[in-house]
Protein chains: 2
Amino acid sequence: MATISDVAKLAGLSVSTVSRVINDSPHVSEKKRNSVKSAMERLGYVPLPAARQLRGSKTNTMAVTIPRIVNPFFSYLVDAIEQKLDEAGYSTLIVQTFSKAEEELTALNLLKNQQVDGVILCSLENTWSIISDYCKYGKIILVNEYLKDVHVPIVRADQYDGFYKATNFLFDEGYSKIAYATGRKSITIMEKEANFDADRFAGFQDSLSEHKLGLNHDWLFTNAHTAEDGKNIFKMIMALDNKPDVIIAGSDEVAMGITQEAEEQKVKVPKQLGVLGVDDQPVSANLRIPLTTIRQPVNEMGQKAAETMLHLMSGESVPKVQICKLKIIKRASA
Amino acid sequence: MATISDVAKLAGLSVSTVSRVINDSPHVSEKKRNSVKSAMERLGYVPLPAARQLRGSKTNTMAVTIPRIVNPFFSYLVDAIEQKLDEAGYSTLIVQTFSKAEEELTALNLLKNQQVDGVILCSLENTWSIISDYCKYGKIILVNEYLKDVHVPIVRADQYDGFYKATNFLFDEGYSKIAYATGRKSITIMEKEANFDADRFAGFQDSLSEHKLGLNHDWLFTNAHTAEDGKNIFKMIMALDNKPDVIIAGSDEVAMGITQEAEEQKVKVPKQLGVLGVDDQPVSANLRIPLTTIRQPVNEMGQKAAETMLHLMSGESVPKVQICKLKIIKRASA
DNA sequence: CTGAAAGCGCTTACAG
DNA sequence: CTGAAAGCGCTTACAG
């Protein structure tokens, strides 16, 4: 592999000059610049990233954290981010956290160790006090998930509004016994805008209250991620004496699991049990029972996230928080 | 950020000794090893990867190339690979090529520039003569796609056998006018085992021949990747005077597009047109028209690929080629 | 078992 | 505009 000295030797110049043309420094005569360039070409020279990093220069790569790449919501989000970053000449490093705090730290350490210029967190596994320590090493932004009172830019959807309206929509459709599922380990009730999950739940609950309804704890399901989880939720619902007539599934994946198991057990969706998904995955419209769902603006969020990070890189100011709208897509399941 | 010298100073030892405990060298007394370790802990010290790479040491990361992460076949394949690699302490770098030769070179250059220890190619965009140049920089293996006469390990499925049997299956089901779609830009006919696409097509064609049937060029469709492409294919089929009665769609994505457009145009699947997918994506069973499809052994291939790469890393010998079986899953669409 | 020193391939003041 | 030299944080012979 050719090094910078090889290029210098071939061009009959110093490594300093070669380094200057690599870095587009203006202080090089056109003539020498050309001879360096042709020498680089002739040798097929590419600067060794490790050596540049060691000197603390930019890496032109960004890390993006997601729980799991097989989840279409996240693969599309990452895709939107990567496409935008690509255009600007940045590489993207996808880090799957598998919902483990420790893996999220791996991504953050990439920043500390100067392997990336910034990290885009699409999910949140650690407490903010831990994450905020890493802000001194580079740029961090939050996408999709969020917290109140953090000092990094946020790109997110209006979860409260979306869930509030979706719950109202279910009432309008004639449902009144509404179950609720979430991926979280537990449901915490907090003030508005506190975080992603609390907002979803607050929107749900506020609509309930307006309809003079309280919470039925039997109708709350946590830890729901996969279609398999959805099937189990359906079974738990069937075991209940007092059954809900509709469920907000938390994701399309879970919604699919619920409708599948319902079909298996000959329970009619949406007649006997309505199912409301969240995400609007590409396939959701083409399922045996097309999902009524809350569409997340994946592309918009991904693009805005990438743009925000790019602005940060070029030292421009960015909005503290950018909020995209959720939208109810009415199909067959509710 | 703490450096190796900081640790050495705090421990009252030389950097050499610290480096030795970082690299698990046996030539360090237990006592000093402990004091180094506690110094590292106290400072929260992590070796800077760039510095280690510069000295040519292992990176413990692997690159995996795929055309596009939003394609579930590839996201599941990557996932299987990453999980296995994780267990062995390796990180995974996902490189989307967007089917561009140039982006594939990016991944290969990672190897040349010592940013990864190996690359797992799940698709093939460059000619082999270009790729083989990179073998001197580290380990390369081929997964999913393949070529004949390459000198790197291959993990693949038996495309010929799968497509041969699938075509026979279609005949058994009573179809006889079989159309064929592929993601390739063109269909090339080559000897058996030449490559992925040629094998698929050869399997298809051999079955045709055995049924005394020739090729109808109006029934061959290229460049089919997305559901959108599937819709267009359906439209092209409808414009034909002599229509096929079934189509091998090349992927479940394309199959979904075809069935969707068929529904829209009130054409009955599988009555008026049968549709055979390829992949067996998780959702394929739960579509409005559940797909009959050729299942690809994604997990098996991913795991074998990762294992093969790990064996290569530890200098063990590996089989030149490992072949997994394709399987026909009969559902509603054909 | 331990340490001083050279060197990996770059960039960046510092002189000129 | 150009070059000699120091130094980024490590590892690895080389001595001892």
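Only a predicted model underlies this, so the values are computations on that prediction, with no experimental measurement involved.
Under a 3.5 Å cut-off, the side chain of N126(B) and the backbone N or O of I131(B) do not form any donor-acceptor pair. Q96(A) contributes a side-chain N or O that, together with a main-chain N or O of I69(A), makes up a donor-acceptor pair within less than 3.5 Å.
Of the candidate nucleotides dG3(D), dC10(D), dA13(D), dA13(D) has the atom nearest to the side chain of R20(B). In the set dG3(D), dC10(D), dG9(C), the nucleotide with an atom closest to the side chain of A51(B) is dC10(D).
Between E30(A) and V15(A), it is E30(A) whose nearest contact on DNA chain D lies nearer the 5' terminus.
Between E300(B) and K84(B) no salt bridge is recorded (no basic side-chain N to carboxylate O distance below 4.0 Å).
Among the protein residues, T3(B) comes within range of the sugar-phosphate backbone only, with heavy atoms under 4.0 Å from sugar or phosphate atoms but none that close to a base. Here S29(B) lies in heavy-atom contact (under 4.0 Å) with sugar-phosphate atoms only. Note on L48(B): only backbone sugar-phosphate atoms sit closer than 4.0 angstrom, heavy atoms only; bases stay farther off.
Distance CD1 (I4(A)) to C1' (dA5(D)): 14 Å, rounded to an integer number of Å. If you measure from atom CG of N23(A) to atom C1' of dG9(C), you get 13 Å, rounded to the nearest angstrom. Rounded to whole Å, atom P of dC10(C) lies 17 Å from atom CD of Q114(A). One atom, CG of L43(B), and another, C1' of dG9(D), lie 15 Å apart when rounded to the nearest Å. Atom CD in Q53(A) sits roughly 14 Å away from atom P in dT12(C) (whole-Å rounding). Atom-to-atom, CG of L54(A) to P of dC8(C) comes out at 13 Å; the value is rounded to the nearest Å. In this structure, L13(A) places its CG atom 17 Å from C1' of dC10(C), rounding to the nearest Å. In this entry the distance linking CG of D6(B) with C1' of dC10(D) reads 13 Å, nearest Å.
Nucleotide dT2(D) has dA15(C) as its partner under the Watson-Crick or G-U criteria, with both atom distances under 3.5 Å.
Screening D133(A), V150(A), N195(A) for a side-chain contact (heavy atoms from CB on, under 4.5 Å) involving W128(A) leaves a single residue, V150(A).
Contact annotation: K32(A) reaches the phosphate of dT2(D) (side-chain N/O to OP1 or OP2, under 4.0 Å). Taking only side-chain nitrogens and oxygens, S14(A) comes nearer than 4.0 Å to OP1 or OP2 of dG3(D). For dT11(D), the OP1/OP2 oxygens have a side-chain nitrogen or oxygen of R52(B) closer than 4.0 Å. OP1 and OP2 of dG3(D) both lie 4.0 Å or more from every side-chain N or O belonging to S16(A).
Counting only N and O atoms by type, the side chains of K58(A) and Y90(A) include a donor and acceptor under 3.5 Å apart.
With hydrogens and angles left out, the side chain of R55(A) and the base of dG9(D) share no donor-acceptor pair within 3.5 Å.
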